[in-house]
Each structure stands twice: as C-alpha cells, then as structure tokens.
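This report refers to the structure that appears directly beneath it.
Owing to the predicted nature of the structure, the values given are computational and were not obtained by experimental measurement. These values consider heavy atoms only, across backbone and side chains, with no hydrogens, waters or symmetry-generated copies.
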Amino acid sequence: MYSDNGKISLRQLQILLILDILGVSVIVLPKYNAPLGSFGFLPVLGGGVFAVVSVFLLCSLSEFLNRFGFFKGISKLVGRPLAGLVSAGLTVKLAFSLGADLRIFSEAAKVWLLPNTPLVIISAVTLLPCIYGAFKGYEARARLGEIVIFIVLVPLFIVSLNCLLKIDYSSLEWNIYPEKNIYTKGSLYNCLMFSGLEFLLLSFPYLKNPAEARPAASRAVLFAVIIIALVNFVSISLLGADLTAELDFPGVEIMDISSVSKGKGAVMMSFFYLSAVMYSIGAVSFGGELLRDISGLKPSLGKWLTALAGFGISLIPADMTELSRVNICFNLFFGTAYFFVLPLILNLILRFKKDEYYD
C-alpha cells in the first residue's frame with residue numbers, strides 16, 4: 001500500500017461520503033418517515049436536495065479552506081476568538097455524533113447479537129479500533145473505505161432488491177398528506193440526520209483536487225440518498241407504517257423478511273460495525289485536530305479526549321427513546337448551523353472581501 005503524502009482522490013472522498021451518510025441513517029430514518037406511509041421515501045429524496053445545497057455551500061469554500069485550513073481560515077475571516085467558538089461548536093457536534101453512533105450500534109448489537117453484554121462493553125470495544133484508525137491518518141481512512149464500501153453495499157443491495165420482489169404493490173396506500181410544509185420539514189430533518197457532511201469543512205486540505213470537489217461530492221450524496229430512500233420504501237411497504245414507526249431499527253428488520261438473509265447477524269455486523277467504525281474514525285481524527293487548533297493540545301491527546309467524550313455521551317441516554325429525542329433537538333441546531341448557516345455566512349464574507357484574505 002503506497003502513500004500519497006496524506007492526500008486522497010475525489011473517488012475516495014465520494015466513498016467516504018457515501019459511508020458516512022449511510023451510517024445509521026439507513027436503518028433509523030424509516031421509523032421517522034413511516035407516518036407518511038408509502039410516500040415515506042419522499043422526505044429522504046427531499047433531504048437529498050437540501051444536502052446538495054449544503055454541499056454547494058461547503059464546496060464553495062474549498063479553495064479558501066484548502067489554502068488556510070478550517071481554524072486558521074475562520075480566524076482570518078471573523079477573528080480568532082469567534083473562530084475558537086465556531087471550532088469548539090464543531091468539536092461538540094463531532095463528539096455528540098460519535099456518541100450517538102456508538103450508542104445506536106451498541107443497542108442494535110445488544111438486540112441481535114450480544115443480549116447479555118453491557119452497553120458500556122460493546123461501546124468500548126467498538127470505539128477502540130476507531131481510535132487506532134484515527135491515529136493512522138486521513139489517507140488510511142480513505143484506503144480502508146475502498147474496502148469497506150463493498151462489504152457494506154453488496155449485502156444491502158441484495159437484501160433490498162430481494163425485498164422489492166416481495167412487496168404486494170396492489171395493497172399499498174398512496175396517500176398525499178395535505179398538511180402545509182409536512183414534506184419540506186421532513187426533508188430538512190432527513191438532511192440533518194445525514195452524518196458526515198460536516199467533514200467537508202475539514203477535508204479540503206487533504207484533497208488532491210479540492211476545486212473539483214463540488215460535483216464529486218454531490219454525486220456521492222445523491223447515490224447515498226437513493227439507497228436510503230430505497231430502504232425506507234422497502235421497510236414501510238413490507239412492515240407496514242404502524243409497525244415501522246414502533247421499531248427502533250426498521251432498516252434491519254427487513255433482513256428477517258429477505259430469504260437471502262439467513263445469516264442476519266453477520267450481515268448486520270458487516271454493515272453496522274463497519275459504518276460505525278468509518279464515521280467514528282473521522283470524528284475522532286477531526287476532533288483531535290480541532291482541539292489542537294483551539295487549545296494547542298497535541299493532536300494525539302485531542303483525539304483521545306474526543307474519543308472519551310463520545311464514549312461518555314454514548315452512555316448517557318437512558319434508552320433509545322431518549323436518545324432519539326435528544327438527537328432530533330441536537331441536529332436541528334448544530335446540523336442547521338454547520339450544514340447551512342456557517343457556510344453561507346463564510347461565503348458571503350468571502351464574496352465581498354475576497355481580495356483581503358488572499359494577500
């Protein structure tokens with residue numbers, strides 16, 4: 001395995017985006033979209049539109065952030081104190097998302113594989129290889145993603161396509177809900193549940209061709225969204241809207257229905273564990289870098305602190321209901337801030353004062 005001085009290709013960026021966005025979204029979003037019945041896949045597609053808008057805003061900063069990096073670039077635009085606050089908020093988002101990712105995987109593993117194992121043990125065992133991967137660097141994460149992508153997508157496609165053949169399409173109810181903005185709000189929420197978009201703010205210095213990131217990232221987002229929409233449609237159509245809304249992980253339950261999923265434990269582990277690990281490696285790695293920039297800590301110590309914070313957060317919620325409630329509130333605030341508000345403000349500043357920051 002050769003090294004490319006820590007730089008990754010656009011294809012590797014696309015792979016990482018697909019894995020990050022799929023993450024836990026593909027298994028939990030059907031629960032939230034189930035009240036819309038057979039049209040529950042529409043908010044996912046709408047979320048993809050919002051996500052592409054976010055990618056447009058984020059990638060419009062690619063040249064500037066590639067040159068200066070996130071913390072230094074923000075400091076040049078709004079001053080070091082405010083840049084520290086913005087970076088601290090992003091660190092909190094990474095730590096919380098890491099904790100939520102660990103908890104969701106731990107709960108799923110406890111249900112299907114390890115019913116007698118405490119959550120703290122499952123979470124810790126899941127996190128340890130993530131810390132190791134974070135210390136290997138961003139390029140190593142990208143190369144790992146090139147392997148993981150096949151392990152994740154192949155069984156997911158096989159199960160989903162097989163389930164499509166089992167749906168009784170004549171019995172589906174296609175009801176359009178007249179409530180104002182219900183699809184728009186649902187689309188925005190689905191977008192904010194897509195983890196990994198925030199990594200774009202920190203990834204540009206690692207890209208070989210950051211100027212071409214926008215179309216590549218947009219295609220990756222749309223690909224991941226189509227997969228999530230497919231799983232939403234299959235889950236709601238096969239399980240029924242009411243049952244899908246009651247289940248914590250309806251995206252996994254469809255594996256029970258598929259005749260090719262006899263080894264459901266192995267399929268579940270291959271997807272959940274690897275997707276959790278890939279996102280967690282990125283969260284720990286970038287969290288360590290942000291803490292280094294904010295406080296001057298060694299990157300290694302910053303990574304350990306981010307990992308420990310995520311581990312602690314994963315143990316706080318009493319159950320999945322509480323985690324879901326907190327997750328919704330958290331993503332509505334921090335997701336909106338870092339997917340849309342911050343990149344929009346930075347783009348506006350650069351638009352009117354661009355020459356001042358390239359001297």
Side-chain angles (χ1 to χ4, degrees), residues 21-54 97 100-101 103-105 107-108 111 156 159-160 163-164 166-195 197 221-222 224-258 271-272 317-336 339-340:
I21 292 173
L22 287 179
V24 297
S25 300
V26 74
I27 58 165
V28 300
L29 281 181
K31 174 184 179 70
Y32 300 103
N33 295 323
L36 296 179
S38 297
F39 278 119
F41 67 92
L42 287 180
V44 180
L45 298 179
V49 175
F50 277 108
V52 170
V53 172
S54 176
S97 298
D101 210 49
R103 179 58 180 267
I104 291 172
F105 170 77
E107 291 279 2
V111 170
L156 191 60
V159 169
S160 298
C163 287
L164 282 174
K166 296 178 178 295
I167 297 175
D168 181 6
Y169 292 93
S170 63
S171 66
L172 298 183
E173 296 183 3
W174 302 93
N175 297 320
I176 294 292
Y177 287 79
E179 289 87 347
K180 185 178 181 181
N181 296 330
I182 187 172
Y183 292 101
T184 301
K185 292 179 180 178
S187 297
L188 178 60
Y189 174 72
N190 275 257
C191 172
L192 297 178
M193 283 291 289
F194 297 156
S195 56
L197 289 179
V221 167
L222 291 176
V225 165
I226 290 172
I227 296 175
I228 298 174
L230 173 63
V231 173
N232 270 253
F233 175 73
V234 167
S235 300
I236 297 172
S237 299
L238 282 178
L239 300 173
D242 293 338
L243 179 57
T244 302
E246 294 176 3
L247 297 170
D248 288 324
F249 312 108
V252 176
E253 297 293 340
I254 62 172
M255 294 182 185
D256 245 353
I257 299 174
S258 173
F271 177 76
F272 287 106
D319 50 35
M320 281 298 298
T321 301
E322 182 178 339
L323 175 61
S324 298
R325 184 171 61 251
V326 174
N327 207 16
I328 290 173
C329 297
F330 185 89
N331 283 315
L332 283 175
F333 180 79
F334 281 86
T336 302
F339 288 3
F340 299 103

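The CZ atom of Phe50 sits 6.5 Å away from the CZ atom of Phe340 when rounded to the nearest 0.5 Å. To the nearest 0.5 angstrom, Leu29 atom CG is 6.0 Å from Phe194 atom CZ. Once rounded to the nearest 0.5 Å, the distance linking CD1 of Ile228 with CE of Met193 reads 9.5 Å. The OG atom of Ser25 sits 8.5 Å away from atom CD1 of Ile104, with the distance rounded to the nearest 0.5 Å. In this structure, CZ on Arg325 lies 8.0 Å from CG on Asp319, to the nearest 0.5 angstrom. A distance of 11.0 Å separates CG in Leu42 from OG1 in Thr184, rounded to the nearest 0.5 Å.
Legend: residues meeting side chain to side chain contact (heavy atoms under 4.5 Å, CB included) with Ser237, ordered by chain and number and at least two apart, are Ile167, Leu172, Phe233. Contacts of Phe330 classified as ring pair (Phe, Tyr, Trp, His ring centres under 6.0 Å), with partners at least two apart in sequence or in another chain: Phe96, Phe334. Taking the ring pair (Phe, Tyr, Trp, His ring centres under 6.0 Å) definition, one finds that Tyr32 meets it with Tyr189, sequence neighbours left out.
Between Leu36 and Ile236, the closest side-chain pair of non-hydrogen atoms is not below 4.5 Å. Within the 4.5 Å cutoff, side-chain heavy atoms of Leu164 are placed close to those of Leu230.
Remark: side-chain polar atoms of Asn190 are paired, donor with acceptor, to backbone N or O of Gly186 under 3.5 angstrom. In terms of modelled atom types and a separation under 3.5 Å, the side chain of Thr244 and the main chain of Leu239 share no donor-acceptor contact.
Just one residue in the list Leu238, Val231, Asn232 forms a side-chain contact (heavy atoms from CB on, under 4.5 Å) with Ser235, and that residue is Val231.
Taking each heavy atom of Asn33 and Pro43 in turn, the nearest pair found is OD1-CB, 3.7 Å. In terms of heavy atoms, Lys31 sits closest to Pro250 at N-CG, 3.6 Å.
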